[in-house]
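Please read the structure below before turning to the comments.
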Amino acid sequence: DTGVSQDPRHKITKRGQNVTFRCDPISEHNRLYWYRQTLGQGPEFLTYFQNEAQLEKSRLLSDRFSAERPKGSFSTLEIQRTEQGDSAMYLCASSLEIGELFFGEGSRLTVL
Amino acid sequence: AQKVTQAQTEISVVEKEDVTLDCVYETRDTTYYLFWYKQPPSGELVFLIRRNSFDEQNEISGRYSWNFQKSTSSFNFTITASQVVDSAVYFCALSPSNSGYALNFGKGTSLLVTP
């Protein structure tokens, strides 16, 4: 499978715990994105990497959120001290061309 | 600020009918990109089309066609002779052309095609 893969697919955690999601993009893609999607809404942009550089962060990304892309390959998104409002589908995407994003299946977070 | 409005929340059609999904956008940028994405029941978003604001030419790809009208800030999507496999949520999105990474998505239109 040469698509974008995300892990875990589903995470259930208690409020206050930390969680980390991993994304493996399509290997030749230098751009990597994180989005968040809640039920009935479109995806909301969180952050963007070009190679290993994080070039943009949304105001939605509070200081409890951090993302990394070491060596410009896979990326991780960590949420510290989770809150119930963090429950959502976290989507990773990669691309070569502007806007032509290839999305993964997402990591669903449920905060109890 | 950029905004995308998809006023149709849900549409239901019978197979073989034509259906048009509306998208209206707002932006102060003079150059920008517009997109359509499809999210089938399986959940994975799929890119359908990108349109540069300089290019108002309509596009047709098989049963799909897109009508971009800058004068009305609209980028509508038509499916001709709909099929059950077209059932999905369709998102319109907008981004400034100097970035292209922070896509602003609409809330989506859920299309149900019944046999």
Side-chain angles (χ1 to χ4, degrees), chain A residues 1-6 8-10 23-26 29-51 53-61 67 69 75 88-109, chain B residues 1-10 21 23-25 27 29 31-55 59 61 66 68 75 77 88-110:
Chain A
D1 187 5
T2 57
V4 177
S5 63
Q6 295 187 241
R9 295 290 310 282
H10 195 178
C23 171
D24 287 275
I26 294 172
H29 288 182
N30 60 341
R31 302 169 189 249
L32 185 145
Y33 317 75
W34 285 99
Y35 281 79
R36 179 173 68 188
Q37 187 176 24
T38 54
L39 196 62
Q41 302 295 317
E44 296 175 299
F45 171 76
L46 293 179
T47 191
Y48 159 72
F49 291 85
Q50 185 162 327
N51 299 312
Q54 188 175 21
L55 297 185
E56 182 71 11
K57 288 174 60 173
S58 165
R59 286 170 291 178
L60 292 174
L61 218 63
R69 192 184 182 195
S75 175
M89 181 73 85
Y90 289 85
L91 301 171
C92 178
S94 68
S95 78
L96 275 178
E97 300 289 334
I98 290 175
E100 190 173 343
L101 274 57
F102 291 78
F103 281 86
E105 293 177 297
S107 293
R108 181 172 297 283
L109 173 64
Chain B
Q2 298 192 329
K3 184 180 178 182
V4 174
T5 301
Q6 295 180 255
Q8 303 150 310
T9 305
E10 295 180 355
L21 310 181
C23 173
V24 174
Y25 63 92
T27 181
D29 296 311
T31 58
Y32 48 88
Y33 288 106
L34 292 161
F35 308 86
W36 276 94
Y37 278 80
K38 174 182 179 179
Q39 190 169 37
S42 61
E44 201 166 319
L45 281 148
V46 177
F47 167 84
L48 295 178
I49 190 171
R50 178 185 68 192
R51 173 63 70 219
N52 188 307
S53 56
F54 289 137
D55 182 4
E59 181 154 342
S61 176
W66 291 269
F68 175 30
F75 186 43
F77 173 30
V89 180
Y90 291 87
F91 292 97
C92 181
L94 168 69
S95 78
S97 65
N98 61 354
S99 68
Y101 45 83
L103 269 66
N104 293 294
F105 285 84
K107 292 187 176 182
T109 297
S110 178

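In what follows, chains are A, B, ... by sequence order, proteins preceding strands, each numbered from 1. Side chains included, hydrogens not; waters and symmetry mates left out as well; all remaining heavy atoms used.
Every residue was checked against the salt bridge (charged side-chain N to carboxylate O under 4.0 Å, His left out) condition with Glu100(A), not counting sequence neighbours, and none meets it.
Contact annotation: the side chain of Gln37(A) approaches that of Phe91(B) to within less than 4.5 Å [non-hydrogen atoms, C-beta and beyond]. Two residues are said to be in side-chain contact when any heavy atoms from C-beta on lie closer than 4.5 Å; Leu91(A) and Leu45(B) meet this criterion.
The main-chain N or O of Leu103(B) is found under 3.5 Å from a side-chain atom of Tyr35(A) such that the two form a donor-acceptor pair.
No part of Leu46(A) comes within reach of chain B, as not one of its non-hydrogen atoms sits under 4.5 angstrom from that chain. With a 4.5 Å cut-off on non-hydrogen atoms, Gln6(B) does not touch chain A at all.
Two rings, from Phe103(A) and Tyr37(B), have their centers less than 6.0 Å apart.
Identified under the salt bridge (charged side-chain N to carboxylate O under 4.0 Å, His left out) test for residues 37-52 of chain B, with sequence neighbours left out: Arg51(B)-Asp55(B), Arg51(B)-Glu59(B).
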